[in-house]
Amino acid sequence: MATKTNGNGNGKGKIAESVSNVMTEKVHGGQVWSSIFRPGSVFRKGYSDSPRNRAYTVMNSVLYHLHPVKVKRHAVKVSYTLCLGGVSFFLFILLTVTGIFLMFVYRPTAANAYQDIQALQTQVAFGLLVRNLHRWGAHLMTFTVFLHMARVFYHGAYKPPREFNWVVGVILLVLTLMLAFTGYLLPWDQLALWAVTVGTNMIGFTPVFGDQVRFILLGSNEIGPNTLLRWYTLHVLMFPFILVIFLAIHFWRVRKDGGISGPL
Amino acid sequence: MVDIPEHLLKRSKDAKGKAGGAADAPADAPEPEEAAGAAEASEADAPAAAESSGIPAHLLARSKAARSKGGDEGDDAGGATKAATATKTPPAKAAPAAKPAAAGAGPARTQRLLAVVKAGSIQTTKKDPVDKVNVWPHLLVEEFVALLLVTAFLMVFSVLLSAPLQDQANPNLTPNPSKAPWYFLGLQELLTMFHPMVAGVTIPGIGIFALLAVPYIDRNPATKPSERKFAIAIFTFFLIYWSVLVMFGVFFRGPGFNFVWPWADGIFFDF
């Protein structure tokens with residue numbers, strides 16, 4: 001085919017062309033578009049790849065809160081970090097999103113919880129998939145946080161000036177475990193009930209105030225409806241809230257302590 | 001071609017215009033000018049002064065031109081004499097030319113010398129150049145790919161394998177065995193060896209405290225693995241020890257939390 005025709009000969013090609021012209025001139029060049037994307041954004045009209053624009057892309061976006069304009073060359077090697085910290089953070093976001101969807105269906109009462117999970121799996125569109133994503137994502141996050149800690153240890157990345165960020169990291173690890181553990185009870189099936197029973201029985205052996213701590217956590221002497229409501233609140237509100245605060249400190253200290261550690 | 005933002009172009013144009021205007025009238029500007037006794041300095045001294053004081057010849061020439069233009073006006077500048085005394089002055093003859101006095105020919109402007117600082121005593125910040133790359137695109141593209149891979153992996157995993165959902169919770173029916181979530185199975189394993197207080201409180205407490213204190217215990221500044229063999233050895237030991245405990249709890253514990261062979265009796269574990 002030497003000439004481009006659209007077959008019906010009524011000039012549709014021209015219309016498509018003018019539509020795309022309007023897109024670039026009126027939309028991409030318009031005030032609304034350029035007010036959304038700051039100078040240097042890759043979405044701006046006429047973005048060109050230059051060292052200056054590469055810097056602007058980060059500097060003029062919200063990403064600048066997370067990343068500097070430049071990082072040490074070894075930091076972008078996948079073999080150095082294995083992306084473990086970033087993946088943990090991403091899993092946290094994914095768990096937040098899927099968790100919000102689960103909250104639309106789930107009621108944290110002994111009478112409803114189990115039935116809601118069943119209804120979610122059998123009657124809600126993609127309900128089973130979202131629940132699976134949340135469950136496996138949670139296990140994976142626990143695992144990646146563990147691995148992230150090991151990676152940091154083997155690189156000696158906790159050494160001055162990064163001592164405190166390691167401490168924040170350990171707090172984040174504990175919070176991750178607490179989030180995973182509180183979430184474990186919520187399906188309110190036999191697995192959940194007895195896994196949590198085994199876990200919380202140990203707390204009772206804390207000397208001096210063990211029973212009191214256990215009572216506060218369970219809302220009663222045994223796991224029951226009070227525990228479910230209590231752990232639900234901890235799981236969807238309190239622990240994520242605390243975790244986000246420590247995450248912010250963690251990321252901020254990475255930057256303040258001179259970026260990523262190394263090279264070895 | 002890089003497109004330069006409009007406001008930067010305007011700024012540079014303004015600056016250029018200002019610089020051009022100043023260059024037109026060098027005599028009006030507060031250039032180095034004599035403060036007192038200017039007239040005495042003869043023309044012949046100028047080259048000598050330039051040599052001894054290290055002032056460029058063209059500045060001396062300019063100051064001379066200004067001097068011949070309006071000699072006495074400089075006398076009014078009170079601050080200028082102070083500056084002259086504060087500055088290390090070469091021989092008296094050369095002094096007039098050497099003074100970076102502040103007297104302008106126009107409205108009276110005074111400048112004061114606040115301090116004389118030795119060369120080199122000003123703090124210089126020196127940063128060794130580091131090999132760096134731009135976050136965009138190098139790091140961001142990598143992160144994006146990592147996120148896609150994790151998402152894809154989780155999606156496939158979730159489609160193929162469903163989360164467990166056993167019978168409704170029943171406090172009167174204890175399943176055998178009852179196992180903690182996998183991340184606490186190591187602790188449950190410790191329960192078989194120690195008193196519950198030791199296994200459930202003391203050991204995990206010490207463990208978390210030790211983890212928190214790691215950077216303050218390990219005083220060795222080295223980061224190379226070959227120079228911190230002990231730290232790596234002890235951490236690896238605990239890591240493996242913990243993994244073995246968890247694995248043991250997952251695969252080798254059956255009814256009554258007794259030892260089983262997973263290939264013979266099956267796996268008594270649910271995620």
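Labels below follow one simple rule: chain letters A, B, ... track the order of the sequence lines, proteins then strands, and each chain is numbered from 1.
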Using non-hydrogen atoms only, which part of [X] is less than 4.5 Å away from chain B: side chain, backbone, both, or neither?
X: Val76(A); value: both
X: Ala113(A); value: neither
X: Tyr47(A); value: side chain
X: Leu63(A); value: side chain
X: Lys72(A); value: both
X: Leu140(A); value: side chain
X: Val196(A); value: neither
X: His139(A); value: both
X: Val130(A); value: neither
X: Ala110(A); value: backbone
X: Trp188(A); value: both
X: Leu94(A); value: side chain
X: Glu222(A); value: neither
X: Val87(A); value: side chain

Top contributor to chain B interface from [options] [non-hydrogen pairs under 4.5 Å]:
options: Ile117(A), Thr197(A), Val174(A), Leu191(A); result: Leu191(A)
options: Val198(A), Val71(A), Val167(A); result: Val71(A)
options: Trp166(A), Phe90(A), Phe153(A); result: Phe153(A)
options: Ala180(A), Pro68(A), Pro39(A), Pro187(A); result: Ala180(A)
options: Thr206(A), Val58(A), Leu133(A), Leu173(A); result: Leu133(A)
options: Gln190(A), His155(A), Arg131(A); result: Gln190(A)

Return yes if a side-chain donor-acceptor contact under 3.5 Å exists between [X] and [Y], otherwise no.
X: Arg214(A); Y: Asn221(A); result: no
X: Asn60(A); Y: Arg38(A); result: yes
X: Thr176(A); Y: Thr142(A); result: no

Against chain A, label [X] side chain, backbone, both or neither, depending on which of its atoms sit under 4.5 Å from a heavy atom there.
X: Val130(B); answer: side chain
X: Tyr183(B); answer: side chain
X: Pro164(B); answer: both
X: Leu187(B); answer: both
X: Ala213(B); answer: neither
X: Val135(B); answer: both
X: Thr202(B); answer: neither
X: Leu239(B); answer: side chain
X: Phe271(B); answer: both

Just checking, [X] and [Y]: is the charged tip under 6.0 Å from the six-membered ring centre and within 45° of the axis?
X: Arg151(A); Y: Tyr80(A); value: yes
X: Arg253(A); Y: Phe246(A); value: no
X: Arg135(A); Y: Tyr184(A); value: yes

Student check: side-chain heavy atoms of [X] and [Y] closer than 4.5 Å:
X: Trp194(A); Y: Lys179(B); value: no
X: Val201(B); Y: Met202(A); value: no
X: Leu218(A); Y: Ile203(A); value: no
X: Asp189(A); Y: Gln168(B); value: no
X: Glu143(B); Y: Leu140(B); value: yes
X: Thr200(A); Y: Phe181(A); value: yes

Q | Given Phe248(B), Phe251(B), Phe268(B), the one that forms ring pair (Phe, Tyr, Trp, His ring centres under 6.0 Å) with Phe259(B) | A |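 When ring pair (Phe, Tyr, Trp, His ring centres under 6.0 Å) is applied between Phe259(B) and each of Phe248(B), Phe251(B), Phe268(B), only Phe248(B) qualifies.
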Q.
Below 30° counts as parallel, above 60° as perpendicular, anything between as tilted: where do the rings of Tyr106(A) and Tyr232(A) land?
A.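 Aromatic pair Tyr106(A)/Tyr232(A) classed tilted.
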Among [options], residue most engaged with chain A (heavy-atom pairs, under 4.5 Å):
options: Thr223(B), Val198(B), Val150(B), Asp167(B); answer: Asp167(B)
options: Gly200(B), Ala146(B), Pro171(B); answer: Pro171(B)
options: Gln188(B), Lys224(B), His138(B), His195(B); answer: Gln188(B)
options: Thr236(B), Leu149(B), Asp218(B); answer: Asp218(B)
options: Val159(B), Leu161(B), Ile232(B); answer: Leu161(B)
options: Asp270(B), Thr174(B), Thr151(B); answer: Thr174(B)

Q: Assess whether side chain to side chain contact (heavy atoms under 4.5 Å, CB included) is satisfied between Met247(B) and Val250(B), documenting all intermediate values.
A: CA-CA 5 Å; Met247(B) 291 292 183; Val250(B) 170; 5.7 Å; no
Q: Could you check Met193(B) against Leu245(B) for side chain to side chain contact (heavy atoms under 4.5 Å, CB included), going step by step and ending with a plain yes or no?
A: CA-CA 12 Å; Met193(B) 312 176 199; Leu245(B) 280 186; 3.8 Å; yes
Q. Where the side chain of Glu142(B) meets the backbone of Cys83(A), is there a donor-acceptor pair that is under 3.5 Å apart?
A.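 Between the backbone of Cys83(A) and the side chain of Glu142(B) there is no qualifying donor-acceptor contact (under 3.5 Å).
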Q | Shortest non-hydrogen contact from Asn220(B) toward Glu227(B) | A |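 Shortest heavy-atom contact: ND2-O, 3.0 Å.
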(Q) Suppose we call two aromatic rings close when their centres sit under 6.0 Å apart. Are Phe126(A) and Phe101(A) close by that rule? (A)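 Not close enough - the centres of the two rings lie 6.0 Å or further apart.
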Q: Starting at NE2 of His74(A), measure out to NZ of Lys132(B) and round the result to the nearest 0.5 Å.
A: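 Rounded to the nearest 0.5 Å, the NE2-NZ separation comes to 10.5 Å.
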